[in-house]
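Chain A is the first sequence line, chain B the second, and so forth, proteins listed ahead of strands; every chain is numbered from 1.
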There are 2 protein chains.
Amino acid sequence: MATQAQDGVRISNAGEAQRPAPGLALRLVEAAIEQFAQRGFDGASTRDIAAATGTAMSSITYHFGGKQGLYLACADYIAYQIGAVHAAGMAPIRARPPQEPEQARAAMLDLLENFARLMLAPQSETWSQFIAREQQRPTEAFERLYHGIMSPVLETVLGLLKIARPSLDDTGRRTLVMNIVGMALILRLGRACVSRLMRVDDLDEATAETLIAGLRRSAQDLLTETNP
Amino acid sequence: MATQAQDGVRISNAGEAQRPAPGLALRLVEAAIEQFAQRGFDGASTRDIAAATGTAMSSITYHFGGKQGLYLACADYIAYQIGAVHAAGMAPIRARPPQEPEQARAAMLDLLENFARLMLAPQSETWSQFIAREQQRPTEAFERLYHGIMSPVLETVLGLLKIARPSLDDTGRRTLVMNIVGMALILRLGRACVSRLMRVDDLDEATAETLIAGLRRSAQDLLTETNP
DNA sequence: GTCTATAATTTGATAGAC
DNA sequence: GTCTATCAAATTATAGAC
């Protein structure tokens with residue numbers, strides 16, 4: 001399926017009603033995500049973040065208590081924003097799980113394709129880099145990101161696999177889930193390797209489609225009960 | 001830039017029969033890899049690195065010209081050290097490539113298992129974290145790491161795939177290589193997700209074996225010509 | 001070659017005006 | 001709430017003794 005519009009989701013920091021122009025706190029978070037994603041927690045500077053937002057550095061202290069608070073606010077923002085978009089896409093599957101292996105396979109392939117497109121989309125580069133950095137040294141921020149984004153995907157795929165490959169035990173299923181979803185995850189987490197292996201400077205639209213098509217094929221192979 | 005940086009790399013050559021006491025430059029590199037891996041380039045402090053080595057910070061300036069020079073020396077050290085070990089393991093395959101699909105599949109499964117074990121091994125955690133960080137913002141260091149470590153693996157698998165799946169075209173093969181090797185790579189690059197999905201605090205020995213076994217099974221499925 | 005001492009920046013936090 | 005001004009600490013780089 002094609003990428004969903006992801007400009008629509010907009011949260012406000014403290015349950016405020018929506019604003020036409022994002023509040024300062026929200027603008028700070030968005031600028032911070034960019035900086036944290038590109039330079040890491042230590043590399044990012046609160047001064048630069050404030051400057052990019054067009055405000056003073058002390059605003060960060062006022063709104064978030066400090067650099068760490070801003071960082072966690074970024075994780076929450078990402079988890080909520082992406083989680084909301086993706087949960088909507090998975091809701092039908094979780095509400096009415098397919099009963100037939102063939103249907104489960106089809107649903108999983110679509111879900112996987114959606115997730116892979118998310119991994120490849122340039123628009124998601126910023127927050128996905130943010131998440132990728134958290135993989136190495138998981139902090140409290142990772143918990144929020146995992147439960148908001150990764151866990152729904154992994155658990156949904158796990159549930160579908162129960163239908164598609166009923167003969168596997170739970171451990172085998174979890175391993176297989178990691179193999180399948182991992183093929184999509186690597187498009188982001190190992191992006192530098194992917195682009196070099198595909199011999200392109202950047203993962204353009206055409207290369208992305210090639211990768212998606214190949215991913216579907218591979219996933220299909222893994223979803224079919226071939227061996228006893 | 002630092003002309004003395006040569007010295008640090010030269011010490012690491014494997015021609016030496018014994019290592020009575022590693023030179024200061026080498027000890028600095030080893031301590032630096034640890035710090036860079038754990039805290040990133042900006043997060044790591046040259047003072048801490050020097051302190052861990054038991055020397056003064058100015059030694060870094062003397063031997064490597066500065067922080068950046070030390071960082072690149074770390075990349076070279078990792079690329080050389082790991083590249084040498086792994087190139088040895090792959091040399092037989094590249095020297096006498098299997099001619100039969102069945103042999104190629106078997107060789108690739110073994111190679112993949114070796115690589116996956118590398119991704120899971122606690123001993124390789126430090127340098128693999130170093131590499132993982134480079135995936136997000138590839139710098140000059142990534143080039144050296146890619147050509148020293150990743151490229152040999154990917155190209156060898158690509159060659160084996162030419163035998164095992166002869167009907168695929170080059171692009172299809174490269175995509176499939178990324179899918180297969182990606183399943184192993186994700187064990188490191190997405191380690192935090194893996195351990196949570198497998199419901200363990202840390203990827204212990206038993207979990208690692210389970211993942212390896214599952215990986216072999218999945219790879220085998222992807223290596224068999226099932227669909228026309 | 002390795003050390004001590006210091007310079008020159010940069011950073012996150014804070015105080016206080018408005 | 002947002003700003004200006006300043007502080008205290010940490011960092012890299014550098015100079016120079018031995």
*Asks:* Can you check the A:Phe64 CZ to C:dA13 P distance for me, whole Å?
*Replies:*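 Computing the A:Phe64:CZ to C:dA13:P distance gives 13 Å.
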*Asks:* Just checking A:Ala44: base, sugar-phosphate only, or nothing, at a heavy-atom cut-off of under 4.0 Å?
*Replies:*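 Touches sugar-phosphate only.
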*Asks:* Send over the distance from A:Phe36 CZ to C:dT11 P, rounded to a whole Å.
*Replies:*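 Those two atoms, CZ and P, are 13 Å apart.
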*Asks:* Establish, from distance only, whether the side-chain atoms of A:Ser128 and A:Arg188 form a donor-acceptor pair under 3.5 Å.
*Replies:*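 There is such a pair between these side chains.
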*Asks:* Please tell me if the side chains of B:Ser59 and B:Leu28 come closer than 4.5 Å, counting only heavy atoms from C-beta onward.
*Replies:*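 A side-chain contact exists here, since the closest heavy-atom pair is under 4.5 Å.
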*Asks:* How is B:Gly54 classified with respect to the nucleic acid when contacts are heavy atoms under 4.0 Å: base, sugar-phosphate, or nothing?
*Replies:*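 Here B:Gly54 touches the backbone only, sparing every base.
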*Asks:* Mind listing the N/O atom pairs, protein and nucleotides 14-18 of chain C, below 3.5 Å?
*Replies:*
none

*Asks:* When rounded to the nearest 0.5 angstrom, what distance separates CD1 in B:Ile186 from CD in A:Gln135?
*Replies:*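 Reported to 0.5 Å precision, the distance equals 7.0 Å.
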*Asks:* Is the distance between the ring centroids of B:Tyr71 and B:Phe130 under 6.0 Å?
*Replies:*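 Yes, the ring centres sit under 6.0 Å apart.
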*Asks:* If I take atom SG from residue B:Cys193 and atom CG from residue A:Leu145, how far apart are they, to the nearest 0.5 angstrom?
*Replies:*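 Rounded to the nearest 0.5 Å, the SG-CG separation comes out at 9.5 Å.
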*Asks:* Whole-Å distance between D:dG1 C1' and A:Arg27 CZ?
*Replies:*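 Going from A:Arg27 (CZ) to D:dG1 (C1'), I get 13 Å.
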*Asks:* With the side chain counted from C-beta on, respond yes when A:Arg94 and A:Glu155 share a heavy-atom pair under 4.5 Å apart, and no when they do not.
*Replies:*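 A:Arg94 vs A:Glu155: side chains touch.
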*Asks:* A:Tyr62 has an atom OH; how far is it from atom P of D:dG1, in whole Å?
*Replies:*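 Atom OH in A:Tyr62 sits about 4 Å away from atom P in D:dG1.
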*Asks:* Which whole-number value in Å describes the distance from A:Arg47 CZ to C:dT9 P?
*Replies:*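 About 15 Å, once rounded to whole Å.
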*Asks:* Under 3.5 Å, is there a donor-acceptor pair linking the side chains of B:Thr139 and B:Glu134?
*Replies:*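 Yes - a donor-acceptor pair under 3.5 Å links their side chains.
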*Asks:* Atom CG of A:Leu28 to atom P of C:dG12: distance rounded to whole Å?
*Replies:*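 That distance rounds to 13 Å.
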*Asks:* Looking at D:dA13, I'd like to know if its phosphate oxygens (OP1 or OP2) sit under 4.0 Å from a side-chain N or O belonging to B:Thr46.
*Replies:*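 The answer is no; no side-chain N or O of B:Thr46 sits under 4.0 Å from OP1 or OP2.
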*Asks:* Report the distance from atom CZ of A:Arg39 to atom C1' of C:dT10, rounded to the nearest whole Å.
*Replies:*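 My rounded result for the distance is 11 Å.
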*Asks:* Starting at CZ of B:Phe41 and ending at C1' of D:dT11, how long is that distance when rounded to a whole Å?
*Replies:*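 The distance from CZ of B:Phe41 to C1' of D:dT11 comes to 12 Å, rounded to the nearest Å.
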*Asks:* Taking the side chain of B:Ser59 as its heavy atoms from C-beta onward, which of C:dT2, D:dA13, C:dG12 lies nearest to it?
*Replies:*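 Of the candidates, C:dT2 comes closest.
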